[in-house]
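One structure below.
Naming: A, B, ... by sequence-line order, numbering from 1 per chain. In what follows, every heavy atom counts, from backbone to side chain, and hydrogens, waters and symmetry copies are set aside.
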Amino acid sequence: NAGVTQTPKFQVLKTGQSMTLQCAQDMNHNSMYWYRQDPGMGLRLIYYSASEGTTDKGEVPNGYNVSRLNKREFSLRLESAAPSQTSVYFCASTRTATYGYTFGSGTRLTVV
Amino acid sequence: GENVEQHPSTLSVQEGDSAVIKCTYSDSASNYFPWYKQELGKRPQLIIDIRSNVGEKKDQRIAVTLNKTAKHFSLHITETQPEDSAVYFCAARENEKLTFGTGTRLTIIP
């Protein structure tokens, strides 16, 4: 049972390049989330999908897009990377609103 | 939206002593309050949670208390050990999503 799987684990991009971060869960969870973690700022929500077929903006959505491909997979796309998007990105999932998240292992992204 | 404040940002305690981390939240509709532990370079891991219909919950050396009237909740770690050194995050749930505090770096001094 893998839980939440994120790929890639590390990535270096040049300013203006695009990329997609992949996330998949095998726990039959309904809700999935993308957070970014920056020093001293905790975890900030980028986008979330409360159920298959729906997506909503979080606290810091600018510069990102998401796709809930099916119940298992939720991807995050950077169309034109900027240095301000250098961060650690975590995907998470949960069964319902009153349960905690299970996090993936994270993607460390550097934009130069 | 929800706003969660967490204090202190850093905390050092002697091994064997107790540690307390405090959080406040803004949205009275929030009804679920988890705590996560994150070791260096690792993912956050859920260590304990509390729902709004409960005032206190314990799990071995850790406990969480919730005061809904004052909109604050706290994490208590007793008999601290070196492996308790990590960053701890509180969170509050409003609707389908969690809002996190900014974290507390806990260092246990041997």
Side-chain angles (χ1 to χ4, degrees), chain A residues 2-7 9-10 21 23 25 27 29-61 66 68 74 87-108, chain B residues 1-10 21 23-27 29-54 57 59 62 64 66 73 75 86-106:
Chain A
V4 179
T5 303
Q6 282 184 242
T7 56
K9 294 190 184 304
F10 301 94
L21 282 64
C23 176
Q25 52 90 9
M27 298 172 287
H29 285 172
N30 293 311
S31 304
M32 298 185 73
Y33 306 82
W34 278 104
Y35 284 82
R36 61 177 289 173
Q37 184 173 34
D38 302 292
M41 303 190 74
L43 292 145
R44 293 183 294 166
L45 182 64
I46 305 171
Y47 270 94
Y48 67 104
S49 171
S51 61
E52 187 179 358
T54 69
T55 60
D56 285 286
K57 295 179 180 179
E59 181 185 354
V60 289
V66 290
R68 182 75 182 264
F74 188 39
S87 188
V88 180
Y89 291 84
F90 285 100
C91 177
S93 69
T94 187
R95 180 168 30 150
T96 70
T98 54
Y99 286 84
Y101 293 170
T102 300
F103 282 90
S105 57
T107 296
R108 186 172 296 275
Chain B
E2 178 65 274
N3 182 49
V4 177
E5 294 190 357
Q6 182 172 348
H7 300 281
S9 56
T10 61
I21 302 170
C23 290
T24 61
Y25 62 99
S26 62
D27 191 339
S30 290
N31 58 7
Y32 174 70
F33 307 92
W35 286 87
Y36 287 83
K37 176 183 180 182
Q38 187 178 30
E39 297 175 348
L40 189 61
K42 300 287 183 64
R43 74 191 78 188
Q45 300 264 21
L46 178 69
I47 56 171
I48 196 167
D49 57 13
I50 191 166
R51 290 171 176 77
S52 58
N53 58 345
V54 175
K57 183 177 178 180
D59 182 3
I62 60 173
V64 58
L66 171 65
F73 56 114
L75 178 71
V87 178
Y88 292 80
F89 292 97
C90 64
R93 177 156 227 147
E94 175 202 14
N95 297 319
E96 302 96 353
K97 57 189 187 293
L98 288 176
T99 299
F100 287 84
T102 51
T104 297
R105 181 173 301 279
L106 175 63

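- The backbone N or O of A/Y89 lies less than 3.5 Å from a partner atom in the side chain of A/Q6, making a donor-acceptor pair.
- Heavy atoms of A/V88 lying under 4.5 Å from chain B are absent altogether.
- Proximity to chain B (any heavy atom under 4.5 Å) is shown, for A/L43, by both the backbone and the side chain.
- For A/E59, no part sits under 4.5 Å from any heavy atom of chain B, backbone or side chain.
- Looking at B/L98, both its backbone and its side chain come within 4.5 Å of chain A, counting heavy atoms on both sides.
- Under the 3.5 Å distance criterion, the side-chain polar atoms of B/T10 are left unmatched by any main-chain donor or acceptor of B/R105.
- Counted within 6.0 Å of CZ on A/R44, heavy atoms from surrounding residues, nucleotides or ligands total more than 12; the atom is thus considered enclosed.
- Ring-plane geometry between A/F103 and B/Y36 is classed as perpendicular, the angle between the planes exceeding 60 degrees on a 0 to 90 degree scale with a lower cut at 30.
- A donor-acceptor pair is defined here as one N or O able to donate and one able to accept, closer than 3.5 Å; no such pair exists between the side chain of A/S93 and the backbone of A/M32.
- Of the two parts of B/P34, neither the backbone nor the side chain holds a non-hydrogen atom closer than 4.5 Å to a non-hydrogen atom of chain A.
- Each of B/Q45, B/R51, B/K42 has some count of heavy-atom pairs under 4.5 Å with chain A, and the biggest count is that of B/R51.
- In this structure, no portion of B/Q6 lies under 4.5 Å from any heavy atom of chain A.
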Test side chain to side chain donor-acceptor pair (under 3.5 Å) applied to B/E2 and B/S26, step by step: CA-CA 6 Å; B/E2 178 65 274; B/S26 62; 2.9 Å; yes
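- With a 4.5 Å cut-off on non-hydrogen atoms, A/F90 touches chain B through its side chain but not through its backbone.
- Interface check for chain B: of the options A/G40, A/G106, A/G42, the most heavy-atom pairs under 4.5 Å are formed by A/G42.
- Classified by interplanar angle (parallel below 30°, tilted 30° to 60°, perpendicular above 60°), the ring pair A/F74/A/W34 is tilted.
- For A/Y101, the parts lying under 4.5 angstrom from a heavy atom of chain B are both the backbone and the side chain.
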